[in-house]
Every structure is written in C-alpha cells, then in structure tokens.
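Quick note on labels: first sequence line is chain A, next is B, and so on, each numbered from 1. Because the structure is predicted, anything quoted here is derived from the model rather than measured.
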Protein chains: 2
Amino acid sequence: MARKPDEHGDKGDDATAHWQKRSAGNKALTKPRSRRGGGRPTIADVARKAGVGAITVSRALRDPERVSEDLRRQIQAAVDELGYVPDPNARALASARAEVFGVLVPSLTNNVFAEVVRGIYDSLSDGPFRVQLGNTHYSGLEEERLLQVFGPQRPAALIVAGVDQTPTARKLLESAGCPVVQVMETGPNPVDMLVGFSHFEGGRAATEHMIEVGYRRIGFIGARMDPRSQRRLAGYRAATEAAGLFDPRLVTTTPVPSSVTLGRELFRDALAKMPTLDGVFCNNDDIALGVLFECHRAAIAVPKSIGIVGFNDLDMMQSAFPSITSVRTYRYEIGRRSVAMALAAIAGKRPEQRVVDLGFELIRRESTAR
Amino acid sequence: MARKPDEHGDKGDDATAHWQKRSAGNKALTKPRSRRGGGRPTIADVARKAGVGAITVSRALRDPERVSEDLRRQIQAAVDELGYVPDPNARALASARAEVFGVLVPSLTNNVFAEVVRGIYDSLSDGPFRVQLGNTHYSGLEEERLLQVFGPQRPAALIVAGVDQTPTARKLLESAGCPVVQVMETGPNPVDMLVGFSHFEGGRAATEHMIEVGYRRIGFIGARMDPRSQRRLAGYRAATEAAGLFDPRLVTTTPVPSSVTLGRELFRDALAKMPTLDGVFCNNDDIALGVLFECHRAAIAVPKSIGIVGFNDLDMMQSAFPSITSVRTYRYEIGRRSVAMALAAIAGKRPEQRVVDLGFELIRRESTAR
DNA sequence: CACTGCCATGGTAGCGCTACCATCTGTCGT
DNA sequence: ACGACAGATGGTAGCGCTACCATGGCAGTG
C-alpha cells in the first residue's frame, strides 16, 4: 500500500500541508492590502508596469483593435513579464457573462456522448471558453437541477443532449439568456438551435436493409430505451409494418443500461421467445457485439442463420468477425457543429439554419451479407 | 435538412435572438441600479426579505451552525421564495477560492479515463463543487497550458492523471495552493497525494500467468504507448526475462492511438515477424479484442494456438467468445477515492495515507485456458 | 456588581474586473 | 479659425459576495 508514508516531510499528525500557508501569525507588518489573493499579478499591476490605465489593459486583452499599436505592444510586454492571467471569476462578475459553455449529457462513459463531448472540447480549446460538463444520468429531474445550477453562472451558451426536456427544463433553457443548442436529434421545435440526425429514419433504414436482403423474422433488441432508442424502435416498427413483418413478440427491450453482456442475454431471451428469429436490429453496437458473441458461442451462423445490424458504427464493428453492419452517425461532428453554431450566435451572426440534420449512413457489412 | 426554417418566429435576416434582450432603448426610468445582472435575486434581496444583514444570509448558507435556529429558518424561507441561488463567480472572487475541482485527463473517449471521470463526477454531484475538465491529449505541453489556465481560477483541488508531469507542470501543481491528487498510477514521489495501481505489476502478473499456463513465445502488442503502457511493457519484459523467454522481436508497438482495428493490424504484423508466436499480452482490451477477431478471421484457435490477455477488463471481455483473460483495474473507484482524499484535505483532515494503491486483479478466462 | 469572555449579528471594505461616461487629442469642414 | 466629431484613453462605480472587525447582549467569575 502506501510506501514511505512521510517521505514528503510531514511530521506525524501535523495535518497542515505545503499548500496551506495561511496567515500563520502574520504580524501585519505590511499595510492591510492584499488580504486575499495569493499575490498573483492583477490587471492593476500590469497597468502600472505598462504606464497606462487599468481599463486600457482590459481593452487591449479583450478587444485589441480598440487600442493603439504602441500601447498594445507595451501592455503585451508587461503581461508577459508579470505572467499575468486574467481572473475569470472577476471577469464574469464584472461583465455578467462567464466564458463558459454549459454542456449536459446523459452519460459520460457511453462512447456516443463521449465523442460529442470530445468534439465540443476540441472546438473550444483554442478560444477563451471553458466547458462546464453536467451528467444528467438520463434523468429529467437531474437535468433540471443542473440547469438550475448553471443559471447563476451566466454561461455563454448551453449545449444539451436530446429534445425531450421536461417542461420545467425547457423553460429554464428558454430563459437562460444565451444561445442554446440541442444535440443528437432532429425535431420540429428546438428551444433555439438543433444539431443531430433522425433516429427514426436510422432505425427504419437499418430495418429496411435487412428486409431487402431477405430477412423475414427480424427482431429488435434494445437496452436503456431512452427517447432516442424509442425512436429507433419506432423506425424499426414502421419498416416492419410496411412490409407486413411486424410482430410484437419480436421486440425485446429493457430499461437496464446497455452493455455487451446484456446484449448476449437479451439475444438469448429473444431467441427463446421466438426461435424462428432470423435477424436482429440492435439498439446500439454494444448490444450487437453481444449478439455476435452469443451466436459464436451457440454456433449460430452469421449472417446465414441470423443477420445482425448495430447502431452508431463504432470502430470495432468493421473489425468484428464477421464484420457488423451498422448505422454510422457523426457524433464528433455534432459536437463541433454545435459549438460552431453557438459561437456564431454569440458573435451576433446567427446561422440562418437553426436546425441542422447531419444524417447517418448505413454501412453494409458481412453480418447481413446474404 | 432544416425544417420550417422560421417557425421560431424570426423574421428573415433579423439576427437578434429571443435571449438578446439588451437595453433596447431603456429610457432610464429607474434609478441607475442593476445596470447588469438580469434581475436575478441577490443575497441582499434575501437579506431584506428575511429582515437580516446580508452577511448573516451568507453565513446561514455556508456555515448554518453559526446562525441561530430562528434566523436560519427565516432565511431559508426567503431563499425558497425568491428562488435565490448564489453566484459562484462572486463567491469565488470574494473568497479567493472557487468551488471547482480541476481535472486533467489525457483523453475523454478512452473508456479508462471516462470511468475515472465518472467516479469523480458521481462523488462530487452532492456537494457544492463543480468540475473543470481538461483534455491534455497525452501532451505534456497541453497539460502545462491547462494548468496555467486553471491557476487563476483558484480551484479547490486538482486531480491529474499520471505521475509523469513535465518539470514545469510539476512546479505548477506544487504551487497551486490546493490539494493535488495524481491518479491511475502508484509511484514514490507524489506531488501531494496519489491513488492508483502499479501498471508494471499488472503487466508482470499478466505475463507470468501466460508463462505459467504454458505459453512460451509470448508477444507484447501495444498502441499509444503512453507512460502507463510503457510500464506494462516493462512488467512484461521483467516476467519474460525472468523465465528466459524475452526476445525483442516479440514486442510490437506503435504510438498510434489504440483501437480494435489497430489491434488486428498489429497482431498480423507480429505474426508475420514471428510466426512461432503462441500468445500475446495486449496493452489494453481494445487491442485484445482486435487480436481475437483476427484469430477468428485467420482461423487460429484461441486459446490452443494463441493465448490472449487484455488489460482493464472492460465488460466485453467476459462476453467475448472465447472470453478473454484480462487485468481488472478499478477506474471508477480511483475517481471516487481521489475525490474523497481531496475533500478530506480541504476539510483539514489530510489522510495519513498519501499514496493509495488500489491494486488490480488478473481475471483468468477461456482465452488462456489450456 | 464591575469585569471578562463569548456568542450572534451587522457594517464596511474590498476581491479583480469591466460598463459607463468623461476627457483629451487631433482632424475635418465651412 | 472655430466648432463638430471621431478615436483613444482614463476615472469612477459598481458586479455579488465574503473577510475582517465592531457591536451589543448575556452568562460566568471573583
């Protein structure tokens, strides 16, 4: 376990750390200045050093074009020399606007949202904006709570997953006083802006493909069943009904969070319930992989006896054996696009397209090649 | 694409949004109060309504025990009625301490770090602390930059992945003026506190297991090769050398980011280089899965002809066919523990164990069952 | 019963920054 | 030559909150 417990210089039970310098008996030798703030340079220090007013330093940093070439250089030199970095808290307080993007996603570990978040981070890393990430755990109430917390921070923009906010949450978004981008889906009534794709159409396209290549007893296997999964299921249902192939017994779902292992189990259940099953459209790629593994284990031939289609097209789909047909979605791009739209709105140039459909692509692979 | 472009009420090229209420000709009918701040209740409003001083409201919220039962109730009522939420920016400015945990990880999509981050979020969601997440992209320079940005925010604590900070980054951590927890590894010289496990021992244990069950030409396949991967490789090397089985031609690595597809490719390379290969210890589970798929595709029997061991024990390892032996690590717990230690330090009760080794467990499965 | 010490509460003065307005300079038009 | 005007710069007054210190009341002490 712990090695050499006090090699860091702590003496026994002394609970004071190196970073707790506190006012350990400071005899007030100095004037009462700088009670707080551990000595970091402030804008006033820079102004003094550069021989200008504080406000000019502020301008030089925020809006360089409004300051003459000369002063700008002088100020920059002072900033560099002092190692000055503006205090974002003071800035936010004074300007009533924090350089923060509030981002709400239902899960941090679900690869799908992780990709969106990565896109957001990558798009924001150049500029002055920070990200305030909230995990709603797929709960509307938690989403409301987080929006309540974000409010007083006065974020520059909000990016939230999905279009199924509770009425309260929607009201909070509408009154947030900043651009709002809903992501991951399309829909008719965005709070403000929207970037995503149609899960319904994705589900339908996947199912139609299976019908087209000849599968007839096509099951749907879904876990978690959040609103997006529900729409994929609706797409599946539309396609199977149109072909006269729908049967409620073909649908196997659970509210339990998705995983590969769960995919195996659900597939076993589905097969027990409906032994004539000859294909499955899976809610997502984890489930699809679980189905594939279970087929291997039970020596069920894929794609001959069972066809498999996943959703999202994670990297492993192309490498699986057999490779798995999946609906490719553009998560990273959704993240980037949402930031681009928000930044445009902040700059006053609102995109004329408030709703952007990034679409999807069905990638046909061995798992449905028959 | 965009449906019904202006159903939101925008008229053509008007670039002004609902949230931009600005001061559209406010005739200063009121006194010059509240120039900024969109009308949210402040602590003064609460104080007035409760008939107490502002400072008492502040105390009632931050340290309820220092305020009498009576006033506390009164203040709470006023808070509820007004829907008051404290402004974290003002709070941070006044107290020179933001209720923010700075968290630095090398990747947001790598499941391993996503789990750590989830643990951190879950541990922090109850309290007043926010999370400021930074993505270093496995770059020491980027890490330095992010620490520089975090500094002026005066975070309550910092959690950073790894122990291989650049000297500059280390200095920034030491002078951050807050508790620092390094996570994911063990090591002798923590900046402050440390929670993790030994990648070297993990790599060694995995390799020793393969030797024990009879594999002799055991390869190492690794992507990304960050410091943690290097240590796993070192563990692999220690084990193979101790058994007289080390051969540099058995090691296949690349700096390219890890993926299942890459695992397949590297395994093909490894096999081409060393056809007598009879087992592989993989840098991580994605690689291991890629190796498994390639074995399927090439009709190589697992575990008979090739043994496979992964690292991290993601859920899919247990469900794969054959199931894959892997080194289980406790990522979520690392996240939780790091927060617990930081919170203790903030509260002045520094844990006497500054270095916590959460260990690992080798999970033996079919992929090495011979 | 004056004195000490403690507790609950309040007033004041900022934290570091920017919005607002004032001032100053120099250029232009008439 | 003078006012009008635009552009650059600075001063002042907060943003909403909390650290610090002061105050007043009350119990305990000799």
Calculate the interatomic distance between [X] atom [atom1] and [N] atom [atom2]; express it in whole Å.
X	N	atom1	atom2	result
A:D63	C:dA19	CG	C1'	14 Å
A:I55	C:dA19	CD1	C1'	7 Å
A:R154	C:dT18	CZ	C1'	15 Å
B:E69	C:dT9	CD	P	11 Å
A:D70	C:dT25	CG	C1'	15 Å
A:R97	D:dC15	CZ	P	17 Å
A:N89	C:dG14	CG	P	20 Å
B:R66	D:dT18	CZ	P	13 Å

For [N] and [X] - does any side-chain N or O of the residue sit under 4.0 Å from the phosphate oxygens OP1/OP2?
X	N	answer
B:S68	C:dA8	no
A:S58	C:dT18	yes
B:T56	C:dG10	yes

- prompt: Can you list the steps and then say if A:T166 with A:E144 is a side chain to side chain donor-acceptor pair (under 3.5 Å)?
  reply: CA-CA 8 Å; A:T166 65; A:E144 288 176 16; 2.5 Å; yes

task: State whether the distance check finds a donor on one side and an acceptor on the other, under 3.5 Å, for side chain A:R59 versus base D:dG10.
output: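 Yes, a donor-acceptor pair under 3.5 Å.
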
message: Check this for me: does any side-chain nitrogen of one of A:E99 and A:R130 sit under 4.0 Å from a carboxylate oxygen of the other?
response: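 Looking at A:E99 and A:R130, the cut-off is not met.
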
task: Please say whether more than 12 non-hydrogen atoms of neighbouring residues, nucleotides or ligands are located less than 6.0 Å from CZ in A:R59.
output: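 Atom CZ in A:R59 is crowded, with more than 12 foreign heavy atoms closer than 6.0 Å.
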
- request: Quick one: label A:R62 by what it contacts on the DNA or RNA (base, sugar-phosphate, nothing), any heavy atom closer than 4.0 Å.
  value: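 Sugar-phosphate, no base atom in range.
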
Toward the 5' end of DNA chain C, by each residue's nearest nucleotide, B:A90 or B:G53: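 It is B:G53 whose nearest nucleotide is closer to the 5' end.
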
- prompt: Relative to the 5' end of DNA chain D, which residue comes earlier, A:L71 or B:I43, by the nucleotide with the nearest heavy atom?
  reply: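 Of the two residues, A:L71 wins.
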
- request: Among A:I159, A:L124, A:V339, find the one that has a side-chain contact (heavy atoms from CB on, under 4.5 Å) with A:V131.
  value: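 That would be A:L124; it is the only one of A:I159, A:L124, A:V339 passing the side-chain contact (heavy atoms from CB on, under 4.5 Å) with A:V131.
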
message: Pair B:Q165, B:Q182 - check side chain to side chain donor-acceptor pair (under 3.5 Å), show working.
response: CA-CA 10 Å; B:Q165 282 76 28; B:Q182 290 161 293; 3.0 Å; yes

